[in-house]
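Here's the structure we're looking at; comments come further down.
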Amino acid sequence: NLVASLIAILLIVFAVHYVLVRRRQMRWPEIGVTVIMPKVLAVGFLGGVAIALALSLVEQLIGPVEIDMAADLFGGDGRPSILTLCATLLLVGIASPVAEELYFRGVVYTWMRSRWSSAVSVALNAALFGLVHGFYPPAYIAMVVFLGAVLALAYDRTRNIWLSVALHAGHNSAVVM
C-alpha cells in the first residue's frame with residue numbers, strides 16, 4: 001500500500017506537469033501554483049486542524065468511523081512505531097495533499113469552473129473527491145465530500161493552491177494523530 005500510494009502521488013504530479021505544463025503550454029500560476037506565503041500555510045494548516053476537530057465532533061454524534069491510516073498503509077496491529085507515524089504523516093499529511101490539490105483543485109476544479117458556475121463546480125468537485133476516497137466507510141466519505149467542498153471553495157476564492165494544500169495537510173495530519 002505504501003509503495004502504491006507513493007507511485008500514485010508521483011504519477012499525479014507528473015501527469016499534471018506533463019499534460020498541462022508541457023503539452024498545453026500552461027503555466028503553473030494558471031492552476032494556482034503561486035509564491036508560497038508562510039502566513040497562508042500557517043492559517044490554512046490551523047484551519048485544516050479545526051476542520052478535522054469539527055468533523056470529529058460530528059463523528060461523535062453519528063458514531064465512530066473506524067479507519068487506521070497507518071495500518072492501511074503499512075499493515076500491522078494499528079499501533080504504529082514512531083517511524084511509521086512519521087512516514088504516515090509525511091505521506092498522508094504532506095505528499096498526498098500536494099498531489100491531490102494539484103489534481104482536484106488545480107486541474108479538475110479549474111476545468112469545471114471554466115464551464116460551470118462556482119456552486120456547480122464546488123459540488124461536482126467535492127463529489128468526485130469523495131468518490132475517489134470510496135474505499136472508506138460511507139460516513140467517512142460524507143465527511144470527505146464536505147472537506148472537498150471546503151477545499152474547492154478556498155481555491156475558488158483565492159486561486160491559490162497553497163491554501164487548499166495547507167487546509168488539506170492540516171486536516172490529514174490531525175486525523176493521523
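In this text the structure is predicted, and so the values were computed from the model without any measurement.
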Can you measure from [atom1] ([X]) to [atom2] ([Y]) and round to the nearest 0.5 angstrom?
X	Y	atom1	atom2	value
S164	L147	OG	CG	10.0 Å
T158	L153	OG1	CG	10.5 Å
L163	R157	CG	CZ	12.0 Å
L91	C86	CG	SG	13.0 Å
S96	H168	OG	NE2	7.0 Å

Can you tell if the side chain of [X] reaches within under 4.5 Å of the side chain of [Y], non-hydrogen atoms only?
X	Y	value
V145	F129	no
V107	L102	no
L128	Y109	no
H171	V49	no
R105	R113	no
I31	I161	no
W162	V33	yes
M112	V120	no

Distance-only, no hydrogens or angles: does the [X] side chain make a donor-acceptor pair with backbone N or O of [Y] under 3.5 Å?
X	Y	answer
N172	V92	yes
T34	P29	no
S56	L53	yes
N125	F104	yes

* Asked: Between I94 and L89, does a side chain to side chain contact (heavy atoms under 4.5 Å, CB included) hold up when you go through it step by step?
  -> CA-CA 7 Å; I94 297 172; L89 281 171; over 6 Å; no

Which pair of non-hydrogen atoms, one from [X] and one from [Y], has the smallest distance, and what is that distance?
X	Y	value
A149	A126	N-CB, 3.4 Å
L167	G47	CD2-C, 3.8 Å
S173	G93	OG-CA, 3.6 Å
M143	L55	SD-O, 3.6 Å
G130	V144	CA-CG1, 4.0 Å

* Asked: If you draw a 6.0 Å radius around OH in Y103, do more than 12 non-hydrogen atoms from other residues or ligands fall strictly inside?
  ->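 No - once you tally the heavy atoms of other residues, nucleotides and ligands closer than 6.0 Å, there are 12 at most.
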
* To do: Test V175 against Y140 for side chain to side chain contact (heavy atoms under 4.5 Å, CB included), laying out the working first.
  => CA-CA 11 Å; V175 169; Y140 190 77; 4.1 Å; yes

* Asked: Does L46 belong to the same Ile/Leu/Val/Met/Phe/Trp/Tyr cluster as V150, with side-chain heavy atoms less than 4.5 Å apart forming each link?
  ->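 In one cluster: no.
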
* Group every Ile, Leu, Val, Met, Phe, Trp and Tyr by side-chain heavy-atom contacts under 4.5 Å, then state whether I36 and V165 land in the same group. =>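 Yes, I36 connects to V165 through the hydrophobic network.
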
* Just checking, any donor-acceptor pair under 3.5 angstrom between side chains of N160 and Y155? ->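 Note: N160 and Y155 side chains miss the donor-acceptor criterion.
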
* Asked: side chain to side chain contact (heavy atoms under 4.5 Å, CB included) between E30 and T110: does it pass, once the steps are laid out?
  -> CA-CA 9 Å; E30 293 176 64; T110 298; over 6 Å; no

